[in-house]
Amino acid sequence: MSVESTPPAAPSLDFIREIIAEDLASGACGGQVVTRFPPEPNGYLHLGHAKSICLNFGLAQEHAPHARCHLRFDDTNPTKEEVEYVESIQEDVRWLGFDWGTHLYYASDYFEKLYSFALQLIDKGLAYVDDQSAEEIRQGRGTLTSPGVASPYRDRSPSENRALFERMRAGEFKEGERVLRARIDMGSPNMNLRDPVLYRVLHAHHHRTGDAWCLYPMYDYAHPLSDALEGITHSLCTLEFEHHRPLYDWLIEHVDGLPSRPKQREFARLNLTYTLMSKRKLLRLVREGLVSGWNDPRMPTLSGIRRRGYPAAAVRQFCKAIGLTKYPSLTELNLLEHHVREELNRISRRVYAVLNPVRVVLTNYPEGQVEFLEIPNNPEDEGAGSRQVPLSRELFIEAEDFMQHPVPGFHRLVPGGEVRLKYAFCIICQEVITDANGAVVELRCTYDDATRRGAKPVGRPKVKGTIHWVSAAHALEVPVRLYDRLFTAEEPESAGEQEGDFTAALNPASLLEVSARIEPSIAEAAPAAHYQFERVGYFFTDPQDSRPGAPVFNRTVTLKEGFTIKPTAA
RNA sequence: UACCCCGUGGUGUAACGGUAACACAGGAGAUUUUGGAUCUCUUAUUCAAGGUUCGAAUCCUUGCGGGGUAGCCA
């Protein structure tokens with residue numbers, strides 16, 4: 001017996017998912033959801049692509065088993081594309097956690113079909129070969145406020161066009177001598193409809209088709225037809241293609257014999273504060289050596305953030321959190337960092353590392369004695385187990401954990417004051433030794449055996465601070481790279497407005513290399529492992545530069561900071 | 001200044017003609033062997049003006065603001 005129950009609160013759908021739900025309900029897409037992620041292999045994928053990947057592959061997962069997502073390389077411009085990029089793109093999509101199964105395609109696979117479709121348009125009088133130069137075509141196109149004028153070649157006969165187009169394919173023309181144009185409307189307020197170029201001659205070697213072609217289709221022509229050939233139901237792209245949609249539809253409408261009629265929809269691209277999301281500009285950072293490469297941990301590329309230690313799950317969560325709209329938003333970096341910390345807090349082993357050491361001598365601790373303390377690996381995760389950490393008479397603590405002249409609110413070590421060494425005992429600073437310049441070089445302290453194991457003897461003032469430490473004799477020295485945001489400006493693209501150069505906003509302190517004193521258990525660290533340096537931040541063993549027994553650490557993100565010493569205003 | 005798209009707390013989103021809510025960020029407190037985490041509480045929102053309606057963030061008009069578009073790039 002079925003009982004009428006209150007309908008479960010429908011999860012709110014974004015506008016794309018709403019459209020898909022409607023299409024599914026009306027049967028407009030044949031009960032299937034087929035999407036595609038169509039990068040051009042001309043660079044590395046970045047966080048903006050992650051948004052698109054999560055959308056397209058996510059949709060396929062949500063509608064399984066009546067759905068799939070294709071990975072298609074939009075390789076119609078051989079002058080910019082390389083196999084290096086097609087390989088990195090596949091690696092990045094997989095890393096993000098998605099799988100295209102057998103559905104790997106290349107627009108270049110369709111060159112022959114696309115060519116025959118062009119012949120068809122020519123025969124219908126819907127396309128013509130234009131002999132004008134690029135400059136003449138540009139002039140003829142008109143401007144945003146004035147209509148274009150027809151090319152003198154616009155009314156060539158289909159047979160003449162066909163013969164010319166065949167000769168273009170045969171290699172009889174130099175680059176720029178002839179193009180194929182759609183015959184639409186030179187007076188259209190939409191520039192894309194003013195007889196857009198469909199094919200151009202390019203005597204270039206293609207990374208897949210080699211020298212088989214010297215005639216290459218334009219994106220606007222190849223994309224809708226490739227979508228149709230693959231049976232894509234929903235072709236999702238970013239807002240700047242909005243004005244291309246009428247052309248997309250025009251081609252689907254006028255080419256006969258297409259197996260499906262895909263629909264293009266547009267959403268806003270991702271913008272993030274303190275970074276760039278333009279392949280062209282990222283390429284410039286790489287080319288000019290402003291970063292170490294596409295996978296520099298400061299880069300917003302997927303290979304960069306992966307090397308920095310951002311977990312794929314955090315990126316997926318972030319993509320879910322930012323939503324999907326047509327509003328050209330600017331998302332705060334700290335939302336991404338929030339998801340990174342949330343994930344890392346769950347999975348990271350804790351470890352003690354001192355980045356900026358000050359020597360502490362425990363004057364009442366027996367010389368030569370070493371003890372091992374059992375310390376949990378992750379208090380958030382019982383199953384993570386524990387480790388033995390050596391403790392001895394001489395230690396290092398963080399220089400920032402001691403203040404000779406403390407400011408109000410400082411809870412850590414001060415002259416004559418007491419602080420807890422985490423998982424060890426409390427110490428009192430008895431003497432401060434400084435060098436000739438007054439810099440603190442050593443703290444002579446006494447420890448209190450009654451405060452072991454977190455004990456708080458009654459009747460004593462409360463110890464507010466707990467700090468991390470390492471045994472001086474046992475600590476390892478490891479290279480640590482402290483990464484910070486690449487740019488100092490929220491919107492680096494508009495920051496260098498005067499000079500018109502985003503490099504003006506580069507953060508000079510985006511990378512600081514230091515040598516850290518770290519507990520010896522770290523010698524076993526695997527490459528590509530996440531750690532939390534307690535009270536400092538999350539760190540990742542660099543997959544490229546770490547060696548067995550000799551890890552190199554990248555700071556993924558700092559811990560959220562509570563107390564900060566405010567610079568005292570004069 | 002032609003056409004298209006978009007305007008909801010500081011930021012990003014939800015509310016689909018019927019009580020403006022969630023997350024991040026900010027603030028306060030509790031708790032804590034990480035000034036982390038966790039848990040409470042809290043500050044703050046419909047671009048503007050008209051109109052339709054019993055009722056408008058939602059529909060209409062105008063204005064204002066933001067974004068996009070004039071590659072033989074994608």
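Below, chains carry the letters A, B, ... as their sequence lines are ordered, and counting in each starts from 1.
Taking a cutoff of 4.0 Å between a charged side-chain nitrogen and a carboxylate oxygen, A:Arg194 and A:Asp185 do not qualify as a salt bridge. Between A:Glu62 and A:Arg17 there is a salt bridge, with a side-chain nitrogen of the basic residue lying less than 4.0 Å from a carboxylate oxygen of the acidic one. Salt bridge status for A:Glu418 with A:Arg460: present, with a side-chain N to carboxylate O gap under 4.0 Å. A salt bridge links A:Arg269 to A:Glu240: one of the charged nitrogens lies within less than 4.0 Å of a carboxylate oxygen.
Put simply, A:Tyr219 does not rest on the base of B:rA74: the two rings are not both less than 5.5 Å apart at their centres and under 30° in tilt. In this structure, A:His411 forms an aromatic stack with the base of B:rG35, since both conditions hold: centre separation below 5.5 Å and plane angle below 30°.
At the heavy-atom level, A:Gly454 lies under 4.0 Å from base atoms of the strands shown. Residue contacts shown for A:Thr79 are absent, as no nucleic acid heavy atom lies under 4.0 Å away.
Sorted by residue number, the members of residues 165-185 of chain A with any non-hydrogen atom under 4.0 Å from RNA chain B read A:Gly176, A:Val179.
A 4.5 Å side-chain heavy-atom check between A:Glu374 and A:Gln388 finds at least one atom pair inside the cut-off.
With a 6.0 Å cutoff to the six-membered ring centre and a 45° limit on the axis angle, A:Arg178 counts as a cation-pi contact of A:Phe173. For the pair A:Arg208 and A:Tyr106, the cation sits on the ring face: its NZ or CZ lies under 6.0 Å from the ring centre, inside 45° of the axis.
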Give the C-alpha distance, both sets of side-chain angles, the deciding distance and a yes or no for salt bridge (charged side-chain N to carboxylate O under 4.0 Å, His left out) between A:Arg72 and A:Glu230. CA-CA 10 Å; A:Arg72 179 169 76 231; A:Glu230 292 178 17; 3.1 Å; yes

After noting the C-alpha distance and the side-chain angles of A:Leu395 and A:Leu391, does the key distance pass the side chain to side chain contact (heavy atoms under 4.5 Å, CB included) rule? CA-CA 8 Å; A:Leu395 311 171; A:Leu391 174 72; 3.5 Å; yes

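Heavy-atom nearest nucleotides on RNA chain B were determined for A:Pro39 and for A:Asp14, and the one closer to the 5' end corresponds to A:Asp14. Judged by closest nucleotide on RNA chain B, A:Leu330 is the one of A:Leu330 and A:Phe410 placed further toward the 5' end.
In this structure, A:Arg156 contributes its side chain and A:Val129 its backbone to a donor-acceptor pair below 3.5 Å. Under the 3.5 Å distance criterion, the side-chain polar atoms of A:Glu398 are matched with a main-chain donor or acceptor of A:Leu355. A distance-only check finds a donor-acceptor pair linking the side chain of A:Thr451 to the backbone of A:Cys426 [under 3.5 Å].
Comparing the P positions of B:rU46 and B:rG29 gives an interatomic distance of 29 Å, to the nearest angstrom. Distance noted for atom C1' between B:rC41 and B:rC47: 32 Å (whole Å). Here the separation of B:rG12 from B:rA44, taken at their C1' atoms, is 15 Å to the nearest Å. Between B:rA37 and B:rG26, the distance separating the two P atoms is 10 Å to the nearest Å. For the P atom pair drawn from B:rC3 and B:rG63, the interatomic distance equals 11 Å after rounding to whole Å. Taking the C1' atom of each, B:rG51 and B:rC39 are spaced 49 Å apart, rounded to whole Å. Nucleotides B:rA25 and B:rU45, compared at atom C1', are 15 Å apart to the nearest Å. Annotation: B:rG27 and B:rU33 have their P atoms spaced 24 Å apart (nearest Å).
Per the geometry, CD1 belonging to A:Ile322 stands 12 Å off P belonging to B:rA14, to the nearest Å. Rounded to whole angstrom, the span from the CZ atom of A:Arg269 across to the P atom of B:rG12 amounts to 16 Å. Regarding A:His206, its NE2 atom lies at a distance of 13 Å from the C1' atom of B:rA74, rounded to whole Å. Atom C1' of nucleotide B:rU33 and atom CD1 of A:Ile427 are separated by 14 Å, given to the nearest angstrom. At whole-Å resolution of the value, OH in A:Tyr352 and P in B:rG36 are 16 Å apart. What separates CD1 of A:Ile397 from C1' of B:rU33 is a distance of 16 Å, to the nearest Å. Atom CD in A:Glu337 sits roughly 16 Å away from atom P in B:rG36 (whole-Å rounding). As rounded to whole Å, 13 Å separates atom C1' of B:rU13 from atom CZ of A:Phe15.
In this structure, the ring of A:Phe165 has its center less than 6.0 angstrom from the ring center of A:Tyr199. Under the 6.0 Å cut-off for aromatic ring centres, A:His244 and A:Tyr248 do not qualify, their centroids lying 6.0 Å or more apart. Here the two rings, on A:Trp469 and A:Tyr352, have centers that are under 6.0 Å apart.
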Contact list (N/O, under 3.5 angstrom) for nucleotides 20-24 of chain B vs protein:
from	atom 1	to	atom 2	distance (Å)
B:rC24	O2'	A:Asn334	OD1	3.1

Produce the list of close N/O pairs, under 3.5 Å, pairing protein atoms with atoms of nucleotides 15-19 of chain B; give distances to one decimal.
from	atom 1	to	atom 2	distance (Å)
B:rC16	N3	A:Glu18	OE2	3.1
B:rC16	N4	A:Glu18	OE2	2.5

What pairs of nitrogen or oxygen atoms, one from the protein and one from nucleotides 68-71 of chain B, lie under 3.5 Å apart?
from	atom 1	to	atom 2	distance (Å)
B:rG68	O2'	A:His243	NE2	3.1
B:rG68	N2	A:His243	ND1	3.3
B:rG68	N3	A:His243	NE2	3.3
B:rG71	OP2	A:Arg141	NH2	3.3

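Checking B:rA74, B:rG36, B:rG7 against the side-chain heavy atoms of A:Arg350 singles out B:rG36 as nearest. Of the candidates B:rC5, B:rC72, B:rA37, B:rA37 carries the atom nearest the A:Glu380 side chain, counting heavy atoms from C-beta on. For A:Pro328, counting side-chain heavy atoms from C-beta on, the closest listed nucleotide (B:rC6, B:rU34, B:rG36) is B:rC6. Checked against B:rG36, B:rG12, B:rG35, the side chain of A:Tyr327 finds its nearest nucleotide in B:rG12.
In this model, the phosphate group of B:rC3 is not approached by any side-chain N or O of A:Thr145 to a distance below 4.0 Å at OP1 or OP2. Contact between the side-chain N/O atoms of A:Thr331 and the OP1/OP2 oxygens of B:rU11 is not found at any separation under 4.0 Å. For A:Arg535 and B:rU32, the shortest distance from a side-chain N or O to OP1 or OP2 is not below 4.0 Å.
Ring geometry for A:Tyr44 versus A:Tyr85: interplanar angle over 60°, hence perpendicular rather than tilted (30 to 60°).
For RNA chain B, runs of at least 3 consecutive pairs of the Watson-Crick or G-U wobble type, with both hydrogen-bonding distances under 3.5 angstrom, map to B:2-7 with B:64-69, B:10-13 with B:21-24, B:26-30 with B:38-42, B:47-51 with B:59-63.
Applying the 90° criterion around 0 to the glycosidic angle, B:rG29 comes out anti.
Surrounding NZ of A:Lys263 are at most 12 heavy atoms belonging to other residues, nucleotides or ligands under 6.0 Å away. Within 6.0 Å of CD on A:Glu135 lie more than 12 heavy atoms contributed by other residues, nucleotides or ligands.
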In residues 315-338 of chain A, what donor-acceptor pairs under 3.5 Å come from side-chain atoms, sequence neighbours left out?
from	atom 1	to	atom 2	distance (Å)
A:Arg316	NE	A:Leu96	O	2.7
A:Thr325	OG1	A:Tyr327	N	3.1
A:Lys326	NZ	A:Glu242	OE2	3.2

